[in-house]
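Keep in mind that the numbers below use all heavy atoms, side chains included, and drop hydrogens, waters and symmetry copies. Just so we're on the same page: letters track the sequence lines, and every chain starts at 1.
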There are 2 protein chains.
Amino acid sequence: MNNYTDLLRRHNLKATPQRLAITDILQTHGHVSIELLYEIMLQKFNSISLATIYKNINIMLDNAFVQEVKIPNTKSVFELTKETHSHLVCEVCGSIQDIRVDLTKVMETQTDFKGFKVNTASVVFTGVCRNCKN
Amino acid sequence: MNNYTDLLRRHNLKATPQRLAITDILQTHGHVSIELLYEIMLQKFNSISLATIYKNINIMLDNAFVQEVKIPNTKSVFELTKETHSHLVCEVCGSIQDIRVDLTKVMETQTDFKGFKVNTASVVFTGVCRNCKN
DNA sequence: CTGACTGCAAACGTTTTGCACGGTA
DNA sequence: TACCGTGCAAAACGTTTGCAGTCAG
């Protein structure tokens, strides 16, 4: 009975092997597309259904312990919800890294938000990662 | 023969009424989903096909004079390419405004990009717009 | 006049739904 | 034991493709 068993139950969700596998994979890989998640799940459950993957990802999104990351020119990936952070996306190898960015500086310097009350900021940096630079 | 007639021709694309209407709508509305674009186009061309909308948006994306804006928890919208900017998305009414954000401050303050060479940054602020605050 | 574009219909890939069976609590 | 969740198959979407007719240049 690991962390996610508890978390699932607290949300009145049953801790099925499939769900625990999904949270494990998200934890291990950090960011996964539906496609990749399905591939990895197939190795653990020979007859898992894509419908099950979708149903569970949607339930986890609804319960806010998983989030979708939308990236320009790419498929979305999913990650476990954690403290606010931004993403570095390598346009060469497609890898995604988390990064803490201090946006207070931006918010302070930014003179004109046009009367807009900002709640959250989604930031995706695209470029070339350390490995691919070489 | 307006701006977009020229622009289209410079890209070896014919300036058809449908294409000119699309660029006009983008210019007028700023940001439109495929769905909304289709609705508006239907008012001007009673038998326009969704296929035509998709084909043209894709051609305009390929030629880089239109860009897709990916927004958390929402459908993508399209905009005419202009100078780099960020977006303010109202979570109440769904409206989208452009905003200039100076990211050089972030890039300077940010100590650790993990060896990552940043090329572009996509920033979406989500919150409540001036109108909806009242 | 000719190649490019449009509109239609069909195809395709992705996501959702309904239902009977199986497993968690 | 009572539901909730799974897996399958079918349905529903959103997007793309192929083709015949039309139009811009």
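Summarising the geometry, atom CZ belonging to B/F113 is positioned 4.0 Å from atom CZ belonging to A/F125; distances are rounded to the nearest 0.5 Å. Going from atom OG1 of B/T5 over to atom CG of B/L20 covers 4.5 Å, rounded to the nearest 0.5 Å. Atoms CZ and CD1, on B/F78 and B/I57 in that order, are 5.5 Å from each other to the nearest 0.5 Å.
For A/N73, the CG atom sits in a loose shell: 12 or fewer heavy atoms of surrounding residues, nucleotides or ligands are nearer than 6.0 Å.
In the model, B/T126 has no side-chain atom that pairs as donor or acceptor with a side-chain atom of B/E91 under 3.5 Å.
Paired with B/E79 under the rule side chain to side chain contact (heavy atoms under 4.5 Å, CB included), one option of B/H29, B/Q27, B/Q67 passes, and it is B/Q67.
Between A/M41 atom CE and D/dG5 atom C1' there is a gap of 12 Å when expressed in whole angstrom units. Distance CG (A/D6) to P (C/dA25): 11 Å, rounded to an integer number of Å. In this structure, B/I57 atom CD1 and D/dT16 atom P are separated by 11 Å, rounded to whole Å. Computed from coordinates, the A/I53 CD1 to C/dT17 P distance equals 17 Å when rounded to whole Å. Whole-Å rounding puts the B/L20 CG to D/dC23 C1' distance at 14 Å. If you take CG of A/L50 and P of D/dG7, they are 11 Å apart, rounded to a whole angstrom. In this structure, the CG atom of A/L37 is 15 Å from the C1' atom of C/dT14, given to the nearest Å. The distance between atom NE2 of A/H11 and atom P of C/dA25, rounded to the nearest whole Å, is 15 Å.
Applying the salt bridge (Lys or Arg N to Asp or Glu O under 4.0 Å) criterion to B/E35, with sequence neighbours excluded, gives B/K75.
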Self-check item: B/S/- contact track for nucleotides 1-6 of chain C, protein heavy atom under 4.0 Å
Solution: --BSSB
Restricting to nitrogen or oxygen on both sides, can you table the protein-nucleotides 10-13 of chain C pairs closer than 3.5 Å?
none

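For an aromatic pair to be called close, the ring centres must be under 6.0 Å apart, and A/H87 with A/H85 satisfies this.
Heavy-atom minimum distance, B/K44 versus B/A21: CD-CB, 4.3 Å.
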